[in-house]
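To start, the structure itself, in structure tokens.
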2 protein chains.
Amino acid sequence: MASPRSSRVDRKVAEAASIFAALGDETRLRIVTRLCRSGPQSIVRLTEGSRVTRQAVTKHLHALSEAGLVRGERVGRETVWELEPRRLAEVRRYLDIISAQWDEAIGRLRTFVESPPSKPS
Amino acid sequence: MASPRSSRVDRKVAEAASIFAALGDETRLRIVTRLCRSGPQSIVRLTEGSRVTRQAVTKHLHALSEAGLVRGERVGRETVWELEPRRLAEVRRYLDIISAQWDEAIGRLRTFVESPPSKPS
DNA sequence: TTCATTAGCAACCTCCTGGTTGCCAGTTAG
DNA sequence: CTAACTGGCAACCAGGAGGTTGCTAATGAA
């Protein structure tokens, strides 16, 4: 039943890590938050109010895009970037799962402490 | 009503970003996952099966600790590290909130497209 | 006491990341 | 056509992150 040397799980972890890494930069998370709040926007609009250069914003958008968190479409002379909510959902599910596992583990630990495995002393 | 130059929100974002960043490394996420699955463990046990050195694991544990995701307690000659589930919960809530905002934004966009603001042509 | 285990600390190295500036190309408006 | 706007690309730089090795200190078992 157990996979021989992991692999499916490994890839899952790696992918989740890449998504978290994408969200793990303040500028980037701010961009994502903004896209969530105000919907699809062009680069200049995303740059307005940001403390970094347009180039920096562009770089971050590409990083987010590589993580699958965001998708850009060229319309006219501007590129409109919008969120890819499925990736966000994936990562939410990941957190839910490991949280549940933690609760389970804590439960096991508690019953273990309450009834140690045949060790009278 | 709106805060003068953000700040509360800024700090929120920064904190969330730091947590995501902590989770955004494969080795680190693997450690967290492992702590979730198997409960509190010492460093050597965490290192077993890992592809990196004990020192690396230690470093990552400290990184996770600084993000508030994990807490270590010295017991006897070993240090037992365990998860801090509240931080995980925080970040889950963050994702839930921005996801909800996205849904809202998309809703607004849709009604906007369906009834443009007085532009007949 | 003596030895094995567990962990902490420090130095070191390489590579990636976030950011900037500068320049060029496509697109739209006058 | 020309000017203004929007965006892509490349070079460059400083700093930090991940990892390793080597050594030392505390603790526990024999």
Side-chain angles (χ1 to χ4, degrees), chain A residues 10 13-14 16-35 38-82 119 121, chain B residues 10 13-14 16-35 38-82 119 121:
Chain A
D10 274 19
V13 175
S18 80
I19 302 181
F20 283 129
L23 295 173
D25 177 85
E26 194 175 333
T27 308
R28 228 142 46 207
L29 186 55
R30 193 162 273 126
I31 290 176
V32 170
T33 304
R34 189 159 174 169
L35 284 179
S38 315
Q41 297 173 46
S42 76
I43 296 182
V44 278
R45 272 194 59 202
L46 282 171
T47 306
E48 284 166 17
S50 164
R51 60 203 69 180
V52 296
T53 318
R54 174 180 62 82
Q55 324 288 350
V57 172
T58 301
K59 272 196 185 181
H60 284 305
L61 283 170
H62 284 127
L64 289 168
S65 162
E66 253 179 63
L69 275 167
V70 114
R71 189 164 46 88
E73 192 184 356
R74 188 97 195 218
V75 37
R77 71 176 157 184
E78 46 187 34
T79 306
V80 175
W81 292 85
E82 78 172 300
K119 185 164 169 258
S121 164
Chain B
D10 273 20
V13 175
S18 80
I19 302 181
F20 282 129
L23 295 173
D25 177 83
E26 194 175 333
T27 308
R28 229 142 45 208
L29 186 56
R30 194 162 273 125
I31 290 176
V32 169
T33 305
R34 190 160 175 168
L35 284 179
S38 314
Q41 297 174 46
S42 76
I43 296 182
V44 277
R45 272 194 60 202
L46 281 169
T47 306
E48 285 166 18
S50 165
R51 60 202 68 179
V52 296
T53 318
R54 175 181 60 82
Q55 324 288 350
V57 172
T58 302
K59 272 197 185 179
H60 284 305
L61 283 170
H62 284 125
L64 289 168
S65 161
E66 252 179 65
L69 275 168
V70 113
R71 187 164 47 89
E73 190 186 356
R74 188 98 194 217
V75 37
R77 70 176 157 184
E78 44 187 35
T79 306
V80 175
W81 292 84
E82 77 173 302
K119 185 165 170 257
S121 167

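Values below: every heavy atom of this structure, side chains too, minus hydrogens, waters and symmetry copies.
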What does the list of N/O pairs under 3.5 Å between the protein and nucleotides 3-5 of chain D look like, with a distance for each?
from: D:dC5; atom 1: O2; to: A:R77; atom 2: NH1; distance (Å): 3.3

Quick one: salt bridge (Lys or Arg N to Asp or Glu O under 4.0 Å) partners of [X], sequence neighbours excluded?
X     : result
B:E78 : none
A:R30 : A:E26, B:D10
B:R54 : none

Bending between helix ends of the helix from C:dT1-D:dA30 to C:dG30-D:dC1 [5 pairs per end, 10° resolution] | 30°

If you restrict it to nitrogen or oxygen atoms, what contacts under 3.5 Å exist between nucleotides 16-23 of chain C and the protein, and what is each distance?
from: C:dG18; atom 1: OP1; to: A:R28; atom 2: NH1; distance (Å): 3.0
from: C:dG18; atom 1: OP1; to: A:R28; atom 2: NH2; distance (Å): 2.9
from: C:dG18; atom 1: OP2; to: A:R28; atom 2: NH1; distance (Å): 2.9
from: C:dG19; atom 1: OP1; to: A:T27; atom 2: OG1; distance (Å): 3.1
from: C:dG19; atom 1: OP2; to: A:H60; atom 2: NE2; distance (Å): 2.2
from: C:dG19; atom 1: N7; to: A:K59; atom 2: NZ; distance (Å): 3.0
from: C:dG19; atom 1: O6; to: A:K59; atom 2: NZ; distance (Å): 2.3
from: C:dT20; atom 1: OP1; to: A:T53; atom 2: OG1; distance (Å): 3.4
from: C:dT20; atom 1: OP2; to: A:T53; atom 2: N; distance (Å): 2.8
from: C:dT20; atom 1: OP2; to: A:T53; atom 2: OG1; distance (Å): 2.4
from: C:dT20; atom 1: O5'; to: A:T53; atom 2: OG1; distance (Å): 3.1
from: C:dG22; atom 1: O6; to: A:Q55; atom 2: NE2; distance (Å): 3.2

Which pairs with one or both residues in residues 56-66 of chain A pass side-chain hydrogen bond (donor to acceptor under 3.5 Å, both in side chains), sequence neighbours excluded?
-> A:R28-A:H60

Test side-chain hydrogen bond (donor to acceptor under 3.5 Å, both in side chains) applied to [X] - qualifying residues, sequence neighbours left out:
X     : result
B:R77 : none
B:S42 : none
A:T47 : none
A:E82 : A:R71

Side chain to side chain contact (heavy atoms under 4.5 Å, CB included) with A:T79: which residues, sequence neighbours excluded?
-> A:R74, A:W81

